[in-house]
Number of protein chains: 2
Amino acid sequence: METTKKNKENKTRYALLGLLLEGKATGYELKKKMDSSLVYFWSESFGQIYPTLKQMEEEGLVQAEEQPVGDKIRYPYSITNKGRQVLREWLAIPPAAEIIRNELLLKLFFAQPQDKDTVLAHLSQQRLQNQSLQRTFEQLAETLQVSQQAGWIFRSLTLEYGLRAVRAELEWLTYAEREIAKLTMAR
Amino acid sequence: METTKKNKENKTRYALLGLLLEGKATGYELKKKMDSSLVYFWSESFGQIYPTLKQMEEEGLVQAEEQPVGDKIRYPYSITNKGRQVLREWLAIPPAAEIIRNELLLKLFFAQPQDKDTVLAHLSQQRLQNQSLQRTFEQLAETLQVSQQAGWIFRSLTLEYGLRAVRAELEWLTYAEREIAKLTMAR
DNA sequence: TGACGATATATCTTCTTGATATATCTTTGA
DNA sequence: TCAAAGATATATCAAGAAGATATATCGTCA
C-alpha cells in the first residue's frame, strides 16, 4: 500500500472543531464536553487543547474572544466558516485504521499456566469496569432518546457501537473465565 | 481516585521482554514477531524498539550479543533473569484502562444528515477491513489449534477476543447501514 | 551484473499523555 | 463572616509513541 500522504496529521483539531459546531466555548469547556460525550472513543488533554486552539486561530479556523469575568479573562472560541469547511473536508476522508493498545490482552498473551490467579483477577476487574460502562451507556441512551434533533441518528449509532462493544466484551469475559476454570479441573 | 504512581510508564519494554521469552532476537526480528502476532492489540515502531532495547541493556534486563554476519554485525538480545522478574511483576499489576481513539466514530458523531453518503462509504470500507481481519483471525486460529504448548490457552483467548470483536463490529455495521437506509426512506 | 526486496540499525519530527503550576471564582460549613 | 474545599481556567513541561526517513548490506532472481 504505497501511500504518500502524511498519516501523522493532528486530529485534535477536528475533534475541537466538531465540538465548536455546537457553539462557542473555552478550552476548559471543550475538555468538559469531550469528557461527557466523546471520551468513550476519543479524548484529548489540556496539553493538546490549548496549543491547538491557538494554532487554529492563527490559521483562521476559529476565532477567540476576550471575555472579562470579574478579575479574570475567559477566551471563548467560535468556529469560522473556514473552520467549518476544513472540518467538512476531513469528514469526507476515509478514516485511518485505528491503532489499538490493549494492556489486558498483552498481559494475557504473555501469561503462563502459573499466572492463572493473576489473570482471573485481571478479568474480574475488567468485568466490573465494563459493567459500570454499560450502565453509563444505558443512561446516555435514555437521554439521547429525548432530544431527537438533526444528526441524532449518527450520535445514537456511536452509542449503539459502545453498547455492543461492551456487551461483546462481557460475553468474552464469561467465556474466558470458563475456559480457565476448565484448565484448573484438568490438572 | 488518589493515585500517586506514575501512569506514564514505558510499556514498550514489557512487550519486548515478553517476546524475548521465546528466545533471542534482534530489534528487527522483534518488530517482525510483533507484527505477526500482537499487532491486533499491540504495536511498536522502530523508533521505540531500538532505544528501549539499549536502555534495558543498561538496566540489565536484556543482554546484547555481537554477532558478525559477513560485513555487518547483528545485535541479538536475550532476556536476563532480572528481565524475567521485571516482566513477571508487571504481569501482576492490574491493567490500566485503555484509551481508545476511533476515527470512524468521531466522524460519525459530527456527521449531519447531508453527510449520509460519506458515512455510508466509510461504513462500507470498514466492513471490508473487518472481513479481511476476520479471515486473518480464522487462519491464526487454525494454526494455533495445532501447537498446544504451555500458555496456549491464554493466547487462544486473545485470539477469541479478536474474533468476537470483529464479529460484533460487523453486526453493528449491518445495523448502522440499515438505520441510515431507514432515514433515507423517511424523507 | 543489476535490480529489487528483505534485513538491520538508527535518528528526527510531530503528536500525545500525564503531571504539575498558578490563580481566580463559587460554594459550603464552622 | 471567614476559611476551606472544590470547580473554573489557562498554561507548560517531560516522557512516551508514531511515522517518516536515511543508510547500508544481504540474498535472489532474471
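Chain letters run A, B, ... following the sequence lines, proteins first, then strands; residues in each count from 1.
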(message) Among residues at least two apart in sequence or on other chains, which ones pass side chain to side chain contact (heavy atoms under 4.5 Å, CB included) with B:Q125?
(response) A:P94, A:P95, B:Q129
(request) With sequence neighbours excluded, give me every salt bridge (Lys or Arg N to Asp or Glu O under 4.0 Å) pair touching residues 16-25 of chain A. (result) A:E22-A:K33, A:E22-A:R155, A:K24-A:E65
Please enumerate all protein N or O atoms sitting under 3.5 Å from an N or O of nucleotides 23-26 of chain D, with distances to 0.1 Å.
| from | atom 1 | to | atom 2 | distance (Å) |
| --- | --- | --- | --- | --- |
| D:dC26 | OP1 | B:D71 | N | 2.5 |

(message) For B:K82, give me all partners under salt bridge (charged side-chain N to carboxylate O under 4.0 Å, His left out), at least two apart in sequence or on another chain.
(response) none
(request) Using the test salt bridge (charged side-chain N to carboxylate O under 4.0 Å, His left out), find all partners of B:D35 that sit at least two apart in sequence or belong to another chain. (result) B:K31
(message) Please list, in numerical order, the residues of residues 56-67 of chain B that have a heavy atom closer than 4.0 Å to any atom of DNA chain C.
(response) none
Under 3.5 Å, which donor-acceptor pairs do the side chains of residues 53-61 of chain B form with other protein atoms, sequence neighbours left out?
| from | atom 1 | to | atom 2 | distance (Å) |
| --- | --- | --- | --- | --- |
| B:Q55 | NE2 | B:E59 | OE2 | 3.0 |
| B:E57 | OE2 | B:A64 | N | 3.4 |
| B:E59 | OE1 | B:R13 | NH2 | 2.7 |
| B:E59 | OE2 | B:R13 | NH2 | 3.3 |

(message) Listing request: all salt bridge (Lys or Arg N to Asp or Glu O under 4.0 Å) pairs with a residue in residues 156-170 of chain A, at least two apart in sequence or in separate chains.
(response) A:E160-A:R164
(message) By the salt bridge (Lys or Arg N to Asp or Glu O under 4.0 Å) test, which pairs, at least two apart or in different chains, include something from residues 98-113 of chain A?
(response) A:R101-B:E44, A:E103-A:K107, A:E103-B:K11
(message) So, using side chain to side chain contact (heavy atoms under 4.5 Å, CB included) as the criterion, who are the partners of A:E66 when residues are at least two apart?
(response) A:I73, A:Y75
(request) Enumerate the residues from residues 33-55 of chain A whose closest heavy atom to DNA chain D is under 4.0 Å, giving them by residue number; use none for an empty result. (result) A:F46, A:G47, A:Y50, A:K54
(request) Give the other cluster members for A:Y50, using side-chain heavy-atom distances under 4.5 Å between Ile, Leu, Val, Met, Phe, Trp and Tyr residues; answer none if it is isolated. (result) A:Y28, A:F46
(request) Check whether any side-chain nitrogen or oxygen of B:K32 sits under 4.0 Å from OP1 or OP2 of C:dT7, and answer yes or no. (result) yes
(message) I want to check one thing: is the phosphate of D:dA17, taken as OP1 and OP2, less than 4.0 Å away from some side-chain N or O of B:N10?
(response) yes
